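One structure below.
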Amino acid sequence: TQTTRPQRILKAVQKNATKGDPDSVISAIDHYCKHSEWAMNVGDEKGSILDSVVSEVNPSTVLELGTYCGYSAVRIARLLSPGSKLITVEFNPAIAAIAKQIIAYAGIQDKVTLVEGSSGDLIPKMKECFGITSFDFIFLDHWKDRYVPDTKLLEECGLLRKGTVLLADNVICPGAPEYLKYIRNNRRYESRYYPAHLEYTKVEDGLEKSIFLG
Ligand SMILES: C[C@H](C[C@H]1O[C@@H](n2cnc3c(N)ncnc32)[C@H](O)[C@@H]1O)NC(=O)c1cc(-c2ccc(F)cc2)cc(O)c1O
Ligand SMILES: [Mg+2]
């Protein structure tokens, strides 16, 4: 019977990566997606930009929207200081089940809480369920038309603080034009665009980094 793409990515990790070694998990996924089949991980080029922003912020509390197979969750969590936490939200249960296994294989499961459900339902529950007062860093990588409503929801739920950094994937491809319009014309945010390419391709894409000014 036919396997799914996330299942094939997990198999590639189990075959080619070293258990407990996050960098080998990242390399195994990138190699598979470059040479076997494309998949919508943030990838190595944008992933290096993600790494540099995470290292600069050194966040204690991180929210990721749109886990997919856990590639960016592994990238982020491997850079977090002891005691820091990443909460990652994935809507699709079958995909979440794969992501859980990839995160565990990388050995960084103690830093990551994977929550199944939709961002719109879960963001209002972050304070009560996870004891979060505010997030230091947020990675937006879910449905591109949810970037604006979920950013507004994060504001309304008091989950942003002066200096919170938002980093949005795919602002060019598939594109998040409403998000760029919202965040770049909003005096409560200071934004900067990092040009790159769609993962594993030569197609233009990039990341938008925005600092909440309070
Ligand atoms: C949206 C997906 C990523 C995951 O997000 C979960 N999700 C959704 N909405 C919610 C929610 N509201 N709450 C929680 N999770 C949620 C979902 O189930 C996917 O697993 N990402 C993409 O679609 C994506 C697509 C492309 C892409 C680019 C060029 C092409 F020709 C084709 C595809 C590139 C990328 O880099 C992406 O990131
Ligand atoms: Mg993406």
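For ligands, and for the atoms within them, numbers begin at 1 and follow the listed sequence. Both backbone and side-chain heavy atoms feed into the values below; hydrogens, waters and symmetry mates do not. This structure is a prediction, so every number in the text was calculated from the model and none was measured.
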Return the option from [options] holding the heavy atom at the smallest distance from [atom].
| atom | options | value |
| --- | --- | --- |
| atom 37 (C) of ligand 1 | Asp121, Asn170, Asn92 | Asn170 |
| atom 19 (C) of ligand 1 | His142, Lys46, Lys144, Glu90 | Glu90 |
| atom 11 (C) of ligand 1 | Ala96, Ala94, Ser119 | Ser119 |
| atom 8 (C) of ligand 1 | Trp143, Tyr68, Phe91 | Trp143 |

Quiz item: Only one of Phe139, Phe135, Phe137 clears side chain to side chain contact (heavy atoms under 4.5 Å, CB included) with Val62; which?
Solution: Phe137
Self-check item: Candidate pair Thr61 and Ser134, rule side-chain contact (heavy atoms from CB on, under 4.5 Å), full reasoning
Solution: CA-CA 8 Å; Thr61 55; Ser134 64; 5.5 Å; no
Using 0.5 Å steps for rounding, measure from the [atom1] atom of [X] to the [atom2] atom of [Y].
| X | Y | atom1 | atom2 | value |
| --- | --- | --- | --- | --- |
| Asn41 | Lys46 | CG | NZ | 10.0 Å |
| Leu79 | Asn58 | CG | CG | 9.5 Å |
| Asp44 | Ile29 | CG | CD1 | 11.5 Å |
| Arg192 | Lys209 | CZ | NZ | 6.5 Å |
| Tyr179 | Arg146 | OH | CZ | 14.0 Å |
| Leu86 | Leu80 | CG | CG | 6.5 Å |

Practice problem: Can you label the angle between the His31 ring and the His35 ring as parallel, tilted or perpendicular, going by 30° and 60°? | Solution: tilted
Practice problem: Please say whether more than 12 non-hydrogen atoms of neighbouring residues, nucleotides or ligands are located less than 6.0 Å from NZ in Lys127. | Solution: yes
Quiz item: Counting heavy atoms only, which part of Val203 comes closer than 4.0 Å to ligand 1: side chain, backbone, both or neither?
Solution: neither
Practice problem: Pick one of side chain, backbone, both or neither for how Asn41 approaches ligand 1, counting any non-hydrogen atom pair under 4.0 Å. | Solution: neither
Quiz item: Taking the non-hydrogen atoms of Leu65, is any one of them nearer than 4.0 angstrom to ligand 1?
Solution: no
Exercise. Give a yes/no verdict on whether any heavy atom in Ser118 is under 4.0 Å from an atom of ligand 1.
Key: yes
For [X], atoms of ligand 1 separated by under 4.0 Å from a heavy atom:
| X | value |
| --- | --- |
| Val89 | 14 (C), 15 (N) |
| Asp169 | 36 (O) |
| Ile95 | 20 (O) |
| Gly117 | 13 (N), 14 (C) |

Practice problem: For ligand 1, find out whether one of its N or O atoms is nearer than 3.5 Å to an N or O atom of Thr67. | Solution: no
Quiz item: Short N/O distance, under 3.5 Å, between Asp150 and ligand 1?
Solution: no
Can you tell whether the side chains of [X] and [Y] come within less than 4.0 Å, N to carboxylate O?
| X | Y | value |
| --- | --- | --- |
| Lys144 | Asp141 | yes |
| Arg5 | Glu37 | yes |
| Lys34 | Glu199 | no |

Quiz item: Closer than 2.8 Å to the Mg ion (ligand 2), which protein N, O or S atoms?
Solution: Asp141 OD1, Asp169 OD2, Asn170 OD1
At what distance is the nearest protein heavy atom to [atom], and which residue and atom is it?
| atom | answer |
| --- | --- |
| atom 3 (C) of ligand 1 | Asp141 O, 3.4 Å |
| atom 5 (O) of ligand 1 | Gly66 CA, 3.4 Å |
| atom 21 (N) of ligand 1 | Met40 SD, 3.5 Å |
| atom 34 (C) of ligand 1 | Glu199 OE2, 3.2 Å |
| atom 30 (C) of ligand 1 | Trp38 CH2, 4.5 Å |

Quiz item: Aromatic ring centroids of Tyr68 and His142 under 6.0 Å?
Solution: no
Quiz prompt | Polar contact flag, side-chain donor to acceptor under 3.5 angstrom, Arg184-Ser191 | solution = no
